[in-house]
Amino acid sequence: MSQKFIINGGRPIEGAIKVKGAKNAALKVFPLALMTSEPIGISNMPEIEDCYRAEEMLVALGHEVSRSGKGVVEISYKSRTCVNLPPGLVNKFRASIMFVGPLLATCGEVCFPHPGGCVIGAGTRPIDMFLDGFVKMGAKVEVLENSYRLSAKKLKGATIFFPKITVTGTESLMTTACLAEGITILKNCAMEPEIPALAEFLNTMGAKIAGAGTPVIKIEGVKKLRGGNYMLIPDRIETGTFAILAAVANSGEVLIENCNPGHLEALWALFDKIGVNYKLGQNSVKISPTKKILPSNIVTHEYPGFATDLQSPYTVLMTQAHGLSLIHETIHDRRLLFTDMLTQMGANIIMADPHRVVVSGPSKLYARKLISPDLRAGIALVIAALIAEGSTEIDNIYQIERGYEDLVERLTGLGADIKKV
Ligand code: EPZ
């Protein structure tokens with residue numbers, strides 16, 4: 001029986017909430033343990049399902065993972081037990097693909113099924129750019145029944161152009177190239193803040209990476225990598241999600257702490273346009289009530305554009321804006337399907353096509369029984385439920401707890417009436 005959230009809407013939302021370490025930074029650090037025989041320490045680690053899966057993956061591959069306190073993980077190398085990624089785990093989270101390159105670089109082969117995780121993206125999320133990159137670095141790819149087998153005696157540096165901007169593609173090939181022979185040049189790279197943060201940590205481990213955070217990244221392969229300690233950057237998507245939550249509730253001052261407002265310039269520019277009152281601090285942002293939210297169209301875009309992971313919460317905000325707004329989701333297929341649940345709650349949303357919806361607001365929302373389809377749509381439904389009249393039930397909350405630690409406690413701290421049953 002899957003767990004549910006029960007949320008009684010209409011409570012004033014105010015107070016302080018602390019942002020956790022970035023999920024999409026954490027998930028790229030665990031695989032680095034496969035590339036060194038020295039220990040790796042990670043702090044500011046969010047205690048969320050996806051991170052537990054990544055830990056289980058390392059243990060299955062022969063590592064020891066211990067906790068010296070909440071959010072502080074020590075990974076030590078024991079012995080490489082196998083080069084097959086456990087299928088049951090690979091299907092639990094998309095970032096499992098990040099374990100492939102390091103195994104290929106250090107063991108010369110790796111077997112894995114198609115990675116799973118979110119249902120967003122056409123069917124299972126494609127990995128063609130990862131495979132093409134590994135082939136360019138000298139790997140042989142065998143497509144088996146429903147898995148892949150990669151092998152390479154020694155990976156060689158290569159020049160790789162990404163036909164589409166891919167965050168994990170950039171991270172995976174940047175990481176793998178650290179142990180390839182010679183120079184790798186990656187072009188048309190993603191520039192999300194998690195990428196320079198990962199490069200910085202790899203460089204403290206002895207890697208030679210330049211240009212991370214720009215479209216061209218140059219990696220000079222080295223013989224081996226040392227261990228190291230990595231403090232995760234704050235989660236910019238959590239920060240943006242809670243800022244939008246405060247703007248939707250519009251019922252009190254909300255202080256969001258332990259964040260890096262510099263990673264969300266696209267959101268603050270949008271808040272200026274739609275009339276949300278916010279005040280940026282060094283590592284905080286304060287959202288105050290406003291008399292009227294204005295509508296604004298958005299087009300999701302790779303960083304530093306408006307993040308696709310904030311599109312779902314923003315769509316909820318637009319149901320409360322006075323007028324029409326067009327939401328254009330350009331990165332993931334199927335990421336707007338959750339809007340039919342907002343419509344069931346009373347929102348006025350027309351799906352123009354699978355990538356575009358038109359929202360007409362403001363609409364009063366009413367409680368419903370809902371199911372969370374993916375991580376970010378799930379939190380958007382939580383936000384909608386906080387202002388809906390009545391008691392909303394959200395099922396399949398594994399999809400939400402994958403990405404938000406202690407959500408019930410933290411939202412309760414803001415005055416929300418939310419329970420997990
Ligand atoms: C990362 O996913 C994030 N996940 C996603 O966050 C985020 O939505 C996405 O980047 C875009 O910002 C992690 O970092 C673990 P992509 P990623 O490769 O890297 C297509 C969340 O909620 N593509 O940048 O998997 C792909 O289908 C998650 O935390 C190929 O066609 O996304 C998508 O349409 C959801 N072939 C586009 O590129 C490939 O080989 C961008 O995907 C790889 C990707």
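In what follows, residues are counted from 1 in the order of the sequence shown. If you're wondering where the values come from, they're calculated on a predicted model, not measured in any experiment. Ligands are counted one by one from 1 in listed order, and the atoms in each one are counted from 1 as well.
Under a 4.0 Å criterion applied to the non-hydrogen atoms of Lys23, ligand 1 contributes the atoms 21 (C), 29 (O). Close approach to Leu375 involves these atoms of ligand 1, each under 4.0 Å from a residue heavy atom: 21 (C), 22 (O), 29 (O). Atoms of ligand 1 lying under 4.0 Å from any heavy atom of Ile165, numbered from 1 in the order shown and given with element: 24 (O), 41 (C). Close approach to Thr168 involves these atoms of ligand 1, each under 4.0 Å from a residue heavy atom: 17 (P), 18 (O), 19 (O), 25 (O). Numbered from 1 in the order shown, with element, the atoms of ligand 1 that lie under 4.0 Å from a heavy atom of Thr308 read 8 (O), 11 (C), 12 (O). Every atom of ligand 1 is numbered from 1 in the order shown, and the set under 4.0 Å from a heavy atom of Phe130 is 40 (O), 43 (C).
The CD atom of Gln3 sits 11.0 Å away from the CG atom of Asn396 when rounded to the nearest 0.5 Å. One distance of note links NZ of Lys208 with CG of Leu202; it measures 13.5 Å at 0.5 Å rounding. Here Leu32 contributes atom CG and Thr175 contributes atom OG1; the two are 5.5 Å apart, rounded to the nearest 0.5 Å. The line from OG1 of Thr36 to CD1 of Ile40 is 6.0 Å long, rounded to the nearest 0.5 Å. In this structure, Lys286 NZ and Glu257 CD are separated by 10.0 Å, a value rounded to the nearest 0.5 Å.
Residue-ligand proximity: Leu131 is placed with every non-hydrogen atom at 4.0 Å or more from ligand 1.
Considering both main-chain and side-chain atoms, Met129 comes within under 3.5 Å of ligand 1 through a nitrogen or oxygen pair. Taking only nitrogen or oxygen atoms, main chain and side chain alike, Glu171 does not reach within less than 3.5 Å of ligand 1. Between Ile331 and ligand 1, an N or O atom pair is found at a separation short of 3.5 Å. In terms of polar-atom proximity, defined here as any N/O pair under 3.5 Å, Ala95 makes no such contact with ligand 1.
At a heavy-atom distance under 4.0 Å, atoms from both the backbone and the side chain of Asp128 approach ligand 1. Under 4.0 Å from ligand 1, not a single heavy atom of Glu302 appears. For Lys28, every heavy-atom contact with ligand 1 shorter than 4.0 Å involves the side chain, none the backbone. Under 4.0 angstrom from ligand 1, the non-hydrogen atoms of Thr166 come from both its backbone and its side chain. Under 4.0 angstrom from ligand 1, the non-hydrogen atoms of Val167 come from both its backbone and its side chain.
When Glu194, Arg376, Arg94, Arg335 are checked for heavy-atom proximity to atom 35 (C) of ligand 1, Arg335 turns out nearest.
Screening Thr176, Val135, Leu173, Thr168 for a side chain to side chain contact (heavy atoms under 4.5 Å, CB included) with Phe130, the sole residue that qualifies is Thr168.
You'll find the ring centres of Phe306 and His301 outside the 6.0 Å limit.
Remark: the backbone N or O of Ile48 is not paired with any side-chain donor or acceptor of Arg402 at under 3.5 angstrom. Judged by distance alone, the side chain of Thr343 and the main-chain N or O of Thr339 form a donor-acceptor pair under 3.5 Å.
The shortest distance between side-chain heavy atoms of Lys218 and Ile209 does not fall below 4.5 Å.
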| message | I'd like to know whether Asp235 forms a side chain to side chain donor-acceptor pair (under 3.5 Å) with Tyr404, so could you lay out the CA-CA distance, the side-chain angles of the two residues, the decisive distance to 0.1 Å, and finally the verdict. | response | CA-CA 10 Å; Asp235 194 313; Tyr404 298 94; over 6 Å; no

